[in-house]
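Structure record follows, encoded as structure tokens.
Residue numbers begin at 1 in each chain, while the letters A, B, ... track the order of the sequences.
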Amino acid sequence: MPATYSYNKKEKLKSRKLLDQLFTKGKSVSAFPLKVFYGVLPAETTETVQAGVGVSARNFSKAVDRNRIKRLLREAYRLNKTALHDALHAQQKKAAVFILYVGKEKPEFATLNEMMPLVLQKLIAAIAKS
RNA sequence: CUACAAACCCGAGCUAUCGCUCCGUGUAAGCGGGGAGGAAAGUCCGGACAGUAUAGAGCAACCCACCGGUUAAGCGCCGGCUCUUGGCUAAGCCAAGACGAGAAAGUGCCACAGAAAAUAACUACUUCCGAUGCAAAUCGGGAGAAAAGGUGAAAAUGUGAGGUAAAAGCUCACGGUCCCGGAAGGUAACUUUCGGGAUGGGUAAACCUUGGGUACUGUAAUGCCAUGUAUAGGACUGUUUGAGGGCGGCUCGUUCGAGGUCCAGGGUAGGCAGCAAGAUCACGUCAGUAAUGGCGGGGCCAGAUAAAUGAUAGUUUAGAAACAGAAUCCGGCUUAUGAGGUUUGUAGUUUU
RNA sequence: CGGGACGUAGCGCAGCCCGGUAGCGCACACGUCUGGGGGGCGUGGGGUCGCAAGUUCAAAUCUUGUCGUCCCGA
């Protein structure tokens with residue numbers, strides 16, 4: 001098991017190929033203002049979950065705002081990811097996840113920290129069905 | 001003292017917990033250290049670096065445009081010159097700006113108004129001829145003439161005198177502007193001055209002319225390693241009757257030359273170098289009016305590849321709230337910017 | 001990282017090259033035709049020409065800077 005609240009390089013979704021697959025073929029669940037794309041990781045991956053975060057440049061034209069939102073998303077994911085990890089571990093599954101912020105207002109950390117567990121619960125439910 | 005405007009400076013600090021990225025060390029856990037900006041932005045100039053090219057001629061295209069300095073370079077910066085505008089008040093000084101070669105090579109344009117907007121004759125003026133008339137004068141035709149005239153952004157070099165039928169730089173004097181030649185000062189632009197000549201409206205951010213200059217492409221460049229597919233299908237075209245490519249865009253010319261173009265489909269989309277010690281940073285000192293440069297000892301100061309600086313709590317300050325996030329790197333320019341500070345200017349109030 | 005185009009009335013566009021009057025369609029207001037609506041016809045209002053500076057007698061138009069929007073290539 002990795003450290004409880006870590007979010008380092010290995011846990012990030014980095015492969016351009018996987019990202020393309022995720023957006024073209026992957027499924028998604030959403031809980032406004034968050035939207036999560038998910039898919040299955042190749043079997044040889046060592047990590048249980050690889051996750052990425054993103055914001056649309058269309059909604060936030062300034063790089064400072066996008067960086068800020070991505071930092072908040074990473075922070076929220078880092079603090080709430082334990083449930084997802086445990087669930088996947090129990091089901092012997094490995095998932096690729098991409099969390100997208102689709103709102104148009106700059107968020108507060110507190111609201112993101114509330115929404116993140118909700119959307120992750122939805123995600124766990126959706127993965128359990130498939 | 002208050003308010004406003006402009007320029008410049010500055011662009012929060014500390015503690016705890018949980019995290020991110022790079023480097024060092026370590027088998028590992030961990031430990032230690034570095035970690036966004038003055039604009040990192042716009043991409044407007046200039047370079048470094050890299051690849052390709054580096055026979056030639058003509059044409060085209062683009063850029064620059066007072067002088068000197070500075071620099072790796074520049075359409076930057078510094079200093080000066082000239083002009084324009086404003087102020088003080090005046091033969092000067094101060095401030096700001098200049099896309100600051102040429103309108104005396106040519107072409108074009110100058111609305112409205114006005115006779116006329118660039119080979120000026122409409123009115124008025126002078127004169128000659130003819131007609132009418134006793135005459136004054138009127139009418140018609142020709143010539144002279146830019147001195148007077150409303151207009152307009154702009155009207156043919158200004159004032160005075162002579163001159164004439166009436167006039168006119170037609171002539172003269174003093175000026176304005178321009179050209180040529182000389183002298184003095186200045187590195188130069190240029191300034192002052194002497195002599196001679198000319199008198200030509202504006203516009204080149206209209207075409208253009210003159211002088212000078214310009215290889216192209218950009219770090220997703222480029223070099224290397226690895227993985228993988230179809231030694232792979234169709235159509236058209238070509239192999240000395242030369243397809244296609246290189247030589248800056250075109251033409252000529254020259255050279256390489258056996259493949260080239262399109263359609264459909266398949267695969268890869270890891271990694272390493274480039275990549276961060278440099279036209280470097282701050283300090284001191286010297287040279288220079290300054291920009292800037294020399295010297296001295298000292299420091300090492302982001303380096304990712306979905307892309308690192310954050311979250312929470314406390315605290316200091318007056319309430320952490322501005323503009324804003326490196327992506328090859330530098331030098332400039334431009335634009336954005338809260339609070340506070342400094343300086344300058346404007347306005348108002350109070351006191352003397 | 002590099003390249004290009006566009007900002008004109010509420011909306012969509014012309015005018016810009018080659019400077020002097022800002023125009024077209026829809027929409028809007030009023031009138032009229034109709035018993036009324038729709039529709040037709042007529043009249044009218046409405047524009048800091050994105051912003052700033054400059055050139056010029058004069059700028060939507062030319063030049064420079066700047067802001068915004070959109071597109072393209074790798």
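Within the nucleic acid shown, A/Asn8 comes within 4.0 Å of sugar-phosphate atoms alone, with no base atom in reach, counting heavy atoms only. At a threshold of 4.0 angstrom between heavy atoms, the contacts of A/Leu79 with the nucleic acid are absent.
For the P atoms, the distance linking C/C1 with B/C225 amounts to 30 Å, nearest Å. For the C1' atoms, the distance from B/C78 to B/G332 is 14 Å, rounded to whole Å. Using P as the reference atom, B/G86 and B/C44 are 37 Å apart when rounded to the nearest Å. Of the P atoms belonging to B/C93 and B/A148, the separation is 40 Å, rounded to the nearest Å.
Using a 4.5 Å heavy-atom cutoff, the side chains of A/Asp86 and A/Thr82 are in contact.
Residue order along RNA chain B, read from the 5' end via each residue's closest nucleotide, puts A/Phe98 first among A/Asp65 and A/Phe98.
Side-chain atoms of A/Arg78 lie closest to B/G19 of the nucleotides B/G19, B/G325, B/A311. Taking the side chain of A/Asn67 as heavy atoms from C-beta on, and the options B/U21, B/A308, B/G310, the nearest nucleotide is B/A308. Checked against B/A326, B/C18, B/A307, the side chain of A/Ala63 finds its nearest nucleotide in B/A326.
For A/Arg74 and B/A308, the shortest distance from a side-chain N or O to OP1 or OP2 is below 4.0 Å. Taking side-chain N and O atoms only, A/Lys9 has a distance below 4.0 Å to OP1 or OP2 of B/C22. A close approach under 4.0 Å does not occur between any side-chain nitrogen or oxygen of A/Arg71 and OP1 or OP2 of B/A311.
A donor-acceptor distance shorter than 3.5 angstrom exists from the side chain of A/Tyr7 to the backbone of A/Ala51, with no hydrogens or angles considered. Under a 3.5 Å cut-off, the side chain of A/Asn113 and the backbone N or O of A/Phe109 do not form any donor-acceptor pair.
The base-pairing partner of B/U334, taking Watson-Crick or G-U wobble contacts with both distances under 3.5 Å, is B/A41. Checking B/A12 for Watson-Crick or G-U wobble geometry (two distances, each under 3.5 Å) identifies B/U316 as its partner.
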